[in-house]
Amino acid sequence: MQHAAVHAVLACRAFLAVLFIASVHGKARRGTAYRRFEEAVERLLPSWPPARRLGSRRIAALVLAAEAGVPVLVAAPATAPAGLLLGAALLLVFAGVLARAVRAGHDGACHCFGESARPVGRGQVIRNLALGSAALAAAGLATWGGTAGLEGTLVAVLAGALLAVLVVHAEDVGDLFRSL
């Protein structure tokens, strides 16, 4: 695999690790944050009978466990493709659930990264579609193998991590600029 593709996969692995660490931390750092996430799952849960039978509390716990698994899987080269696929699947499912909520006029927050007052919107759907698609592409590239030098690896990992921090705080950054 070309160095650019290796670097892109490394950046995506770092991105997903930081993104999902932030997501898990935001939901699990305090009991109130997790309860609000459970409430959001209850509101956003589709009327699909298997989802309703499983229940929102179990689904919230499964989501949190799956999100916690992504950073672990993407950390090691041998399991990185599985971690990238899990991250892609989560993001694409989130996009679908949020798109359904937007169409239905849902005005509550999703609590994607913990406590939030911002209602679900198209921006979150687009964000999750784009990120899920990138993770899916990286999963395909990751199976090709290849190596990168230390400098390229460091730059790719730092770039991916920084981009994740920006995505996690994108709404706050947007609010900051809107207030100027």
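Residue indices begin at 1 and follow the sequence shown. Note that the structure is predicted; figures quoted are calculated from it, not measured.
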Open item on the list: When you group the ILVMFWY residues by side-chain heavy-atom contacts below 4.5 Å and let the links chain together, are Val168 and Leu163 in the same group?
Closed with: yes
Check: Among the clusters formed by ILVMFWY side chains lying less than 4.5 Å apart, do Leu64 and Leu16 turn up in the same one?
Finding: yes
The side chain to side chain contact (heavy atoms under 4.5 Å, CB included) partners of Ala66 (sequence neighbours excluded) come to Leu86, Leu90
Other residues, nucleotides and ligands only: do more than 12 of their heavy atoms fall within 6.0 Å of CZ on Arg29? yes
Scanning both residues in full, the closest heavy-atom pair of Ser23 with Cys112 reads OG-O, 2.9 Å
- Any Leu162 side-chain heavy atom under 4.5 Å of Phe15 side chain: no
Closest non-hydrogen contact found for Val157 with Ala14 is O-CB, 3.4 Å
Residue pairs meeting salt bridge (charged side-chain N to carboxylate O under 4.0 Å, His left out), one or both in residues 84-95, sequence neighbours left out, come to none
d(Glu39 CD, Glu42 CD) to nearest 0.5 Å is 9.5 Å
When every non-hydrogen atom of Val167 is compared with those of Leu19, the smallest separation belongs to CG1-CD1, 4.1 Å
Quiz item: Are any non-hydrogen side-chain atoms of Phe94 and Val63 less than 4.5 angstrom apart?
Solution: yes
Minimal heavy-atom distance between Ala139 and Pro81, with the atoms involved, is CB-O, 4.1 Å
Side-chain heavy-atom pair Leu131, Arg127 within 4.5 angstrom cut-off: yes
- Side-chain heavy atoms of Phe20 within contact of Leu91, under 4.5 Å: yes
Note to self: Has Tyr34 got a side-chain atom pairing as donor or acceptor with Gly26's backbone, closer than 3.5 angstrom?
What the structure shows: no
Tightest non-hydrogen contact, residues Gly83 and Val70, listed as O-CG1, 3.9 Å
In short, salt bridge (charged side-chain N to carboxylate O under 4.0 Å, His left out) pairs touching residues 65-87 with sequence neighbours left out are Lys27-Glu67
Grouping ILVMFWY residues whenever side-chain heavy atoms fall under 4.5 Å, the cluster of Leu129 otherwise contains Leu44, Leu92, Val93, Val97, Leu98, Val102, Val120, Val125
Thr153 side chain vs Gly149 backbone, donor-acceptor pair below 3.5 Å:
yes
Exercise. Would you say the side chain of Glu38 lies within less than 4.5 Å of the side chain of Val41, judging by non-hydrogen atoms?
Worked result: no
Exercise for the section: Answer yes or no: is there a donor N or O on one side and an acceptor on the other, between the side chain of Arg13 and the main chain of Val9, under 3.5 Å? Expected result: no
Exercise. Answer yes if Leu73 and Val18 sit in the same cluster of Ile, Leu, Val, Met, Phe, Trp and Tyr residues linked by side chain heavy atoms under 4.5 Å apart, and no otherwise.
Key: no
Nearest heavy-atom approach of Ala135 to Cys12 is CA-SG, 3.8 Å
Note: with side-chain heavy atoms under 4.5 Å as the link, the other cluster members for Leu85 come out as Leu136
Taken in chain and number order and not counting sequence neighbours, the residues that satisfy salt bridge (charged side-chain N to carboxylate O under 4.0 Å, His left out) with Arg118 are Glu171, Asp175
Rounded to the nearest 0.5 Å, the NE2 atom of His25 sits from the CZ atom of Arg30 at a distance of 9.5 Å
Check the hydrophobic clustering (I, L, V, M, F, W, Y; side-chain heavy atoms under 4.5 Å; chains of links allowed) and say if Val155 and Leu10 are grouped together. no
Could you tell me whether the side chain of Arg43 and the main chain of Ala109 form a donor-acceptor pair under 3.5 Å?
yes
